[in-house]
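The block underneath contains the structure these notes are about, expressed in structure tokens.
As the structure lists them, so they are numbered: ligands from 1, and atoms in each ligand from 1. Residue numbers start at 1 and run along the sequence shown.
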Amino acid sequence: PSEFTRAGNTTHTGEKFPIPDDEKFSYGTAGFRFDAKKLPFLVFRCAYVASLRARQLNSAIGVMITASHNPEEDNGVKLVDPSGDMLNGQWEKYATEIVNASDAELPSAVAALEKQMSQIEKSFIARGLVQNARVVCGMDTRVTGPHLMSAASQGSALFSVRFENIGVVSTPILHYIVKSHNFPQFANPTLHGYYTAIKEAFMELYMETEEPEGSRYQPKVIVDCANGVGAPRFRDLMKEIPSDYLEVEFRNENGRLNHQCGADFVKIKQELPENFDGIQEPKSASFDGDADRLIYFRSKKGAEKPRAAELFDGDKIACLYAMYIQEQLKAYHETKPTYNIDMGIVQTAYANGASTRFIRDTLKMKPIIVKTGVKYLHEEASEFDIGIYFEANGHGTVVFSSHFDSIIRRHPQTLVPLRRLALFSRVINETVGDAFADLLAVEICLRHYGWSMDDWAEKLYRDVPSHQVKVDVAKREDFETTNAEQTLVKPIGLQEEIDKTVAKYKESRAFVRPSGTENIVRVYAEADTLENAIELGETLKKIVLKY
Ligand code: G16
């Protein structure tokens, strides 16, 4: 239909917003993400690519319409593979080619792809396999979502692939439902199937958890929903869990999306979100707009800045999980089993230096650092039987191998620690970082240790002071990195200036990288004091702006 061509691109208000044939788009850290006005033709074409992928694999493929932590005016689209993981790299390339074709080039761009697909499809039909191809599509709470949903529906209808609109859901719910369609033993492929699976695992694990004597654990969390999808969907889930297991108070449910609140705001500003004043809020947590990130926080004691927050970010969550899993796993290894179960932790360059040292020196594990982007972390974590991955911004989960599945998860266990391990792996949403599932898993760990927030803060490690800055630049494409994004190779000369500046500060570390989701460059700096970390970060910002 003409309204979803480049030339006919029309926004949700019906206004024409043509996209020039030479405007190019790239599949970034988390799919295509831009000003929502550009999205209709993009979503249409991506859903069409998703339908081809669905036909190729005779499976359900996901399309998620979200711009997550970005401002409300943006929107985005990302595709989810049958396993519930991010889209396969080769298909990211196909999607990019299809999206970047001009209107005139489009028919020939798709013809080649379609030819390949129909040959594969014929082989399915010849082998008598049922038609499982379908596109499952969800959206976040953005006002532009429904129009984009209709673009997706029309895109996947081009070749009569079944389309399922699952409405307003978190990104992790969409991933979970896609996986459930393709692996029916996983869960029922519905919203209710997701709630039931997570609730049941949480409640069973709760019963297997004993609070130690003198426990200071408090079964209450105040949740900042970022005015996003976390508000309705986490409310649904918590209706299934009795409040004496865990009480949740909801805040920031209906205001402006991600504005002065949400996990990204709290992490970058290290500040309390709107509607939190730090008084009588002992344990709080923030989701982001599509609820795939989780950061715990509380008011920072003795800080000069009035609304300063102390963060319990992705690194602190990863270390808490690692400690807990290691402890349960010890029981398995003490039985002198034939098979080893190995475990690893994956982080990015944003991981606080103190967390990386804790993993190495206390947990005696080798931390692995990869590029920003869940797909890179997920891939690396999948090398282990138990792979924990977290970005400091709160995006992360734990993945389990088929080896783990057969000897722990699907095997009846007599030892309590192993039953805990099996249940923990079911509370977690291993398809992708899930703020709801992660919050429930954190609460289980804190209850198991009998920890208050004070305990969590003191018993792992103290963060080294850090500062993050977003720098508006004309073209983020001018910045290129290497070394897991810790070293710039372009613009020429900038890295040397960064190195010289960093060397002037004690216990310092810093890097500059282009964002894959916003048109900005990010600066990360650590130093011996917060003042110095801020000064270093702001100095680097000025240097970046010169280029
Ligand atoms: C997305 C990705 C994350 C990434 C974040 C920021 O998160 O899923 O892996 O850390 O963007 O990426 P960048 O620094 O490249 O802008 P979300 O929560 O926005 O989907």
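Residues passing the salt bridge (Lys or Arg N to Asp or Glu O under 4.0 Å) test with K199 are E240, sequence neighbours excluded. Legend: residues meeting side chain to side chain contact (heavy atoms under 4.5 Å, CB included) with E480, ordered by chain and number and at least two apart, are V489, K490. For N9, the side chain to side chain contact (heavy atoms under 4.5 Å, CB included) partners two or more places apart in sequence, or in a different chain, are F17, I19, P40, F41.
Between F32 and F25, the ring centre distance reaches or exceeds 6.0 Å.
With hydrogens and angles disregarded, a donor-acceptor distance shorter than 3.5 Å links the side chain of D315 to the backbone of N352.
Judged by a 6.0 Å distance limit and a 45° cone about the ring axis, K78 is not positioned over the six-membered ring of Y27.
Protein residues having at least one heavy atom under 4.0 Å from any atom of ligand 1 are T29, A30, R33, S68, H69, D288, D292, R293, T372, G373, V374, E391, N393, H395, R513, S515, G516, T517, R522, listed by chain and number.
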